[in-house]
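Computed from a predicted structure; not experimentally measured. Both ligands and their constituent atoms are indexed starting at 1 by order of listing. No hydrogens, no waters, no symmetry mates; every other heavy atom, side chains included, goes into these values.
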Amino acid sequence: MAMIVAFGEMLIDFVPDVAGVSLAESKGFIKAPGGAPANVACAITKLGGKSAFVGKFGDDEFGHMLVNILKQNSVNTDGVCFDKEARTALAFVTLKQNGEREFMFYRNPSADMLLKESELNLNLIKQAKIFHYGSISLISEPCRSAHMAAMKAAKSAGVLLSYDPNVRLPLWPSADAAREGIKSIWKEADFIKVSDEEVDFLTKGSAEKEETVLSLWHDKLKLLLVTDGPKGCRYYTKSFKGKVAGYTVKTVDTTGAGDAFVGSFLMQVAKDPSIFENEGKLKEALAFSNACGAICTTQKGAIPALPTTNDAQALLKSK
Ligand code: ATP
């Protein structure tokens with residue numbers, strides 16, 4: 001089975017045990033494993049696919065706890081390393097009444113930011129069918145150089161590159177730095193997934209206008225996906241473009257919806273790379289991925305809420 005390698009951060013989100021309260025008001029917090037690339041790796045294995053996670057953790061209880069979660073989810077951890085000095089990253093996340101989130105990060109610097117090029121398991125990366133990454137690993141050195149080296153190794157081995165920027169503004173020195181940093185690797189990717197809000201942010205325009213979305217297109221891109229929460233997603237390739245509607249579910253927490261969507265889609269691409277060239281197959285794959293994203297919003301947290309293939313098929317059949 002083809003493997004997908006997800007690169008970047010895994011951290012612990014501390015989420016108030018009651019929705020709609022501020023961090024200061026909250027009496028208790030629930031520990032939830034987080035970090036988009038790690039969620040994507042788990043989304044793939046939950047659907048029966050094969051994935052690996054490459055990243056660095058603090059050599060502390062939280063770091064080992066997170067790596068155990070990857071292992072329990074059958075994610076390959078041969079590309080994981082630990083830092084003796086720095087701590088595993090933490091974030092406090094407020095869940096607003098509408099299920100949207102606000103982040104407060106503790107990373108000064110955290111172990112994930114200290115991953116060095118020399119610590120990369122390049123063999124693992126080169127064996128993958130797809131190398132998937134976000135933008136948080138680009139924010140500071142030495143992780144940025146490690147990220148660039150991993151991408152270069154993947155590309156030279158013919159591995160497809162998948163990019164979901166996952167904009168997290170509080171982590172960047174400024175909004176302009178975020179825009180510039182995120183776009184600095186834009187033209188490397190074969191496949192890019194952004195949300196409507198990210199289109200607005202990156203272009204300083206509106207995702208509702210097609211020319212704005214298309215300003216994010218680049219010559220070597222095979223597919224640009226724009227997700228829009230419950231409404232589903234839009235797709236753009238060289239030859240065709242369109243929309244695939246989302247599913248109405250009882251949403252309690254949107255954490256990880258985008259990662260469930262991406263993991264599901266990448267797994268389907270790993271199985272059949274011709275999805276990019278066949279609109280019928282692409283629409284089918286995206287309908288399945290929309291179902292995965294929707295199911296992920298019906299429970300608290302990201303990893304515990306990830307669907308199995310049966311869960312997603314049941315939702316598809318019910319509509
Ligand atoms: P994340 O919250 O993980 O950062 P994102 O902003 O990257 O997510 P979204 O557009 O919110 O991405 O969600 C990805 C996909 O998940 C959507 O295209 C949709 O199919 C599904 N989805 C997200 N939210 C909902 C919802 N409230 N109801 C139904 N489906 C949803």
Side-chain angles (χ1 to χ4, degrees), residues 6 8-11 13 15 19 32-43 46-47 91 93-103 105 132-136 162-171 182 191-202 207-208 213 216 223-236 242-266 268 282-307 311-312 314-316 318-319:
E9 68 289 350
M10 184 175 194
L11 66 158
D13 287 341
V15 188
N39 293 343
V40 169
C42 292
K46 189 85 183 266
L47 292 167
V93 186
T94 25
L95 206 54
K96 296 187 279 177
Q97 291 289 11
N98 63 1
E100 292 299 330
R101 291 159 296 148
E102 258 170 35
F103 295 87
F105 291 98
H132 174 76
Y133 46 87
S135 66
I136 290 172
S162 157
Y163 187 22
D164 175 357
N166 264 305
V167 178
R168 295 284 180 266
L169 278 183
L171 294 178
I182 288 166
F191 157 70
I192 296 175
K193 179 261 175 208
V194 277
S195 64
D196 258 33
E197 299 93 59
E198 286 167 340
V199 171
D200 295 352
F201 171 74
L202 291 170
E208 281 170 25
V213 175
L216 292 173
L223 175 69
L224 174 65
L225 286 174
V226 182
T227 60
D228 189 9
K231 290 188 198 149
C233 64
R234 282 172 284 163
Y235 57 88
Y236 301 84
K243 269 186 192 176
V244 179
Y247 295 90
T248 305
V249 289
K250 280 193 185 144
T251 295
V252 292
D253 174 10
T254 60
T255 308
D259 306 326
F261 174 93
V262 170
S264 150
F265 185 70
L266 294 183
Q268 296 177 82
L282 179 66
K283 287 178 92 159
E284 231 174 83
L286 292 174
F288 186 84
S289 301
N290 278 340
C292 290
I295 293 167
C296 188
T297 71
T298 61
Q299 272 184 60
K300 271 194 181 177
I303 294 175
L306 292 168
D311 297 334
L315 181 59
L316 286 170
S318 72
K319 304 285 166 178

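- The distance criterion of under 3.5 Å between nitrogen or oxygen atoms is met by T227 with respect to ligand 1.
- The shortest N/O to N/O separation between C233 and ligand 1 does not fall below 3.5 Å.
- A donor-acceptor contact shorter than 3.5 Å links the side chain of D253 to the backbone of T255.
- For ligand 1, the atoms closer than 4.0 angstrom to any heavy atom of Y247 are 28 (N), 29 (C), 30 (N).
- Not a single salt bridge (Lys or Arg N to Asp or Glu O under 4.0 Å) links D200 to another residue, sequence neighbours left out.
- Taken from CG in L286 to CG in L223, the straight-line distance is 7.0 Å, to the nearest 0.5 Å.
- Distances below 4.0 Å separate heavy atoms of S195 from the following atoms of ligand 1: 6 (O).
- Listed by number with element, the atoms of ligand 1 under 4.0 Å from a non-hydrogen atom of G256 are 3 (O).
- Put simply, no part of G246 is less than 4.0 Å from ligand 1, judged by heavy atoms.
- Counting heavy atoms closer than 4.0 Å to ligand 1, residue D228 contributes backbone atoms (N, CA, C, O) but none from C-beta onward.
- Taken from CG in L315 to CD1 in I295, the straight-line distance is 5.0 Å, to the nearest 0.5 Å.
- Residue-ligand proximity, T254 to ligand 1, at heavy-atom distances under 4.0 Å covers atoms 2 (O).
- Remark: ligand 1 and N290 share an N or O pair separated by less than 3.5 Å (distance only, no angle test).
- Remark: N290 engages no residue in a side-chain hydrogen bond (donor to acceptor under 3.5 Å, both in side chains) (not counting sequence neighbours).
- Closest to atom 13 (O) of ligand 1 by heavy atom, among G232, A257, A302, is A257.
- For the pair V249 and ligand 1, the shortest N or O to N or O distance does not fall below 3.5 Å.
- Counting the atoms of ligand 1 from 1 in the order shown, those under 4.0 Å from a heavy atom of K193 are 5 (P), 7 (O), 12 (O).
- For the pair T251 and ligand 1, the shortest N or O to N or O distance falls below 3.5 Å.
- Scanning both residues, Y163 and I182, for their nearest heavy atoms gives OH-O, 2.9 Å.
- Rounding to the nearest 0.5 angstrom, the gap separating the NZ atom in K46 from the SG atom in C292 is 10.5 Å.
- Contact record, C296 with A302: SG-O, 4.0 Å, taken as the closest heavy-atom pair.
- Within the model, atoms CG of L11 and CZ of F103 stand 8.5 Å from one another, a figure rounded to the nearest 0.5 Å.
- Heavy-atom proximity to G293, at under 4.0 Å, picks out these atoms of ligand 1: 16 (O), 21 (C).
- The structure places CG of L266 at 4.0 Å from OG of S162, a figure rounded to the nearest 0.5 Å.
- Every atom of ligand 1 with a heavy atom of A294 under 4.0 Å away is listed here by number and element: 21 (C), 29 (C), 30 (N), 31 (C).
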